[in-house]
Structure formats: C-alpha cells, structure tokens
Amino acid sequence: MDETTRPLDVAALEAAFTPLTLGRPLIYHPAIASTNTEAMALARQGAGEGTLITTDEQTAGRGRLGRVWQSLPNEQLALSLVLHPSFPPHFLVMASALAVAEAIEVTTGLRPGIKWPNDVLVNGRKACGILIETSETIAVLGIGVNVNGSMAESPELAARATTLADALGHPIAREPLFIEIVRRLDSLYAALKAGGERAQRLLRDSWRARLVTLGQRVTIQQGETTLSGVAQDVDESGALVLVADDGARHAITWGDVE
Ligand code: BTN
C-alpha cells in the first residue's frame, strides 16, 4: 500500500497527544458516518473535554449550513474534539481556523489564507472546512482537511476546492499535520481558557492577518437573503463589517461568503 494512502498511524498520534489536554482519549474508527455526530453523542453520555474522534472514512460527513462534506477515504483528515469552552464561541471559530492554517504552513511550506469565518484556503481554494456544533455547555469542533488525492477528476469541485497534494504536486504523510493541528489547538485553547484579554487580542490579530476576505467585493448568502458589498473589516467579536452597495454598514455574524 502506498505510504500516503495507508490508514492513519493511530499509535503515533496517541504518543504525540500524551502530554496534551486535547486529543485524549483518542477514539479511532476505520469508517464512521460523521465524527461530529459521534463526538456529540459521546459528549452527551459524559465524554470528557479533549476526547477526539477520528476516522479514515466518513460515510455521511456534514458541512456548515446543512451541506454534505465529501469524504476522500484514507486521504483526508476528519477529526472532532469534545470541548467545554468557558469563553465566547467566536474565539473557537478563530482558534480553529488559525491552528489549521498555521499547521499547514509549518508542515508543508504552503501559505494558507482564511476565508471568513473559518474556511482555510490554499491558492484561493478550500482545503479545510470546520464545523462547530454546540449543545448546552458542549462544543464539538469538527475539522476536515483535504490532504491527499486530487480534485482534478471533479471539475465542479476543483473550481473551489483543492487538496494539499494538488497544491504541493505530491502526496504527504497525514500524521505530522494532524499532530501539529492538535498541538496548536491545545495551546490556543489553554490560553483562552486561562482567560485574559491579551490571549484574545493576539488570537484575533493573527486570525485577522490571514483573512483573504478583507477589502474584497463579496456576496453574503444568509438563507434566502443576499447582501452584496465590500468586506471592510472584522469587529471585536469577529463579525464581518460589510459596507453594502447602498452605503449601509452591516455586522455579519453568519452566512456564506462568495
Ligand atoms: C464546512 O466547511 O462546511 C465544514 C466541513 C466540516 C467537515 C468536518 S470533517 C470532520 C467533522 N465531521 C463532520 O461530519 N464534519 C466535520
């Protein structure tokens, strides 16, 4: 079996996560419907903070706004963490996108950007999607990264999505990236939990610096409503400040940006 299409090396992941709060316990399924659905079910049964569910194949992966998240068996990363954040949820949105973007950068040399609020783009196309679901005190943070394989066979997807292998021109081992994502999340999450405006400000600044959306003309889809204008900035809470075509300013907290 090709080094890069083999199943995840779970023992290597477990060893790397031993000193961390996040990533323990690590629960691996060769295939599962959705790691987010499983993580939420386990959290409701009392699974502790840091519990991580991962798989080599999602058969019913879910995306934001009720969409399907397509699976690339043995070629993607699909992971979900059980969290109990004590800070406002927008910091989890920022921390997750930043952790993935920085992890891709240090393990591959690519220069990812962030499309507001938390899509990670490589060469302007989506390489990672993040789905955060909450229920009472539980937050499940789900991350899907297109690592190996190619979007080339699917022209419809290739227009807006990419894999890291497509961007690099060769496949990579998934474990170093997986480990780097969880390490960075662990450290950002600990800083946010410890509280303090400094950690929040540093996180927001680093996230904002990677936003490719700022200064762009955008269309925002919020259900049946469409808003067009220029994405001028983000406010303190991470909302997108849109100056609409009629000059009105809107603070956008959710929706799809094109
Ligand atoms: C999006 O961009 O729409 C979010 C995609 C999130 C996909 C990940 S893969 C791991 C986790 N399990 C799921 O079912 N979804 C998330």
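Just so you know, these numbers come straight off a predicted model, no measurement behind them. All ligand and atom numbering here is 1-based and tracks the order in the structure.
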(request) Please determine, by modelled atom types, if Q76 and R174 share a side-chain donor-acceptor pair under 3.5 angstrom. (result) no
(request) Classify the side-chain pair R44/S135 by whether it contains a donor and acceptor separated by less than 3.5 Å. (result) yes
(message) Under the ring-ring contact (aromatic ring centres under 6.0 Å, His included) definition, can you give me all pairs with a residue in residues 157-181, not counting sequence neighbours?
(response) F17-F178
(message) Closer than 3.5 angstrom, by distance alone: can the side chain of R204 be matched with the main-chain N or O of V234 as a donor-acceptor pair?
(response) yes
(request) Mind checking side-chain hydrogen bond (donor to acceptor under 3.5 Å, both in side chains) for E105 and listing every partner two or more places apart, or none if nothing turns up? (result) R210
(request) State which residues pass ring-ring contact (aromatic ring centres under 6.0 Å, His included) with F87; sequence neighbours excluded, sorted by chain then number. (result) Y189
What does the contact table look like for ligand 1 (nitrogen or oxygen on each side, cut-off under 3.5 Å)?
residue: ligand 1; atom: 2 (O); partner: K126; partner atom: NZ; Å: 2.5
residue: ligand 1; atom: 3 (O); partner: R64; partner atom: N; Å: 2.6
residue: ligand 1; atom: 12 (N); partner: T35; partner atom: OG1; Å: 3.1
residue: ligand 1; atom: 12 (N); partner: N36; partner atom: N; Å: 3.4
residue: ligand 1; atom: 12 (N); partner: Q58; partner atom: OE1; Å: 2.9
residue: ligand 1; atom: 14 (O); partner: S34; partner atom: OG; Å: 2.7
residue: ligand 1; atom: 14 (O); partner: Q58; partner atom: OE1; Å: 3.4
residue: ligand 1; atom: 14 (O); partner: R62; partner atom: N; Å: 2.8
residue: ligand 1; atom: 15 (N); partner: R62; partner atom: O; Å: 2.7

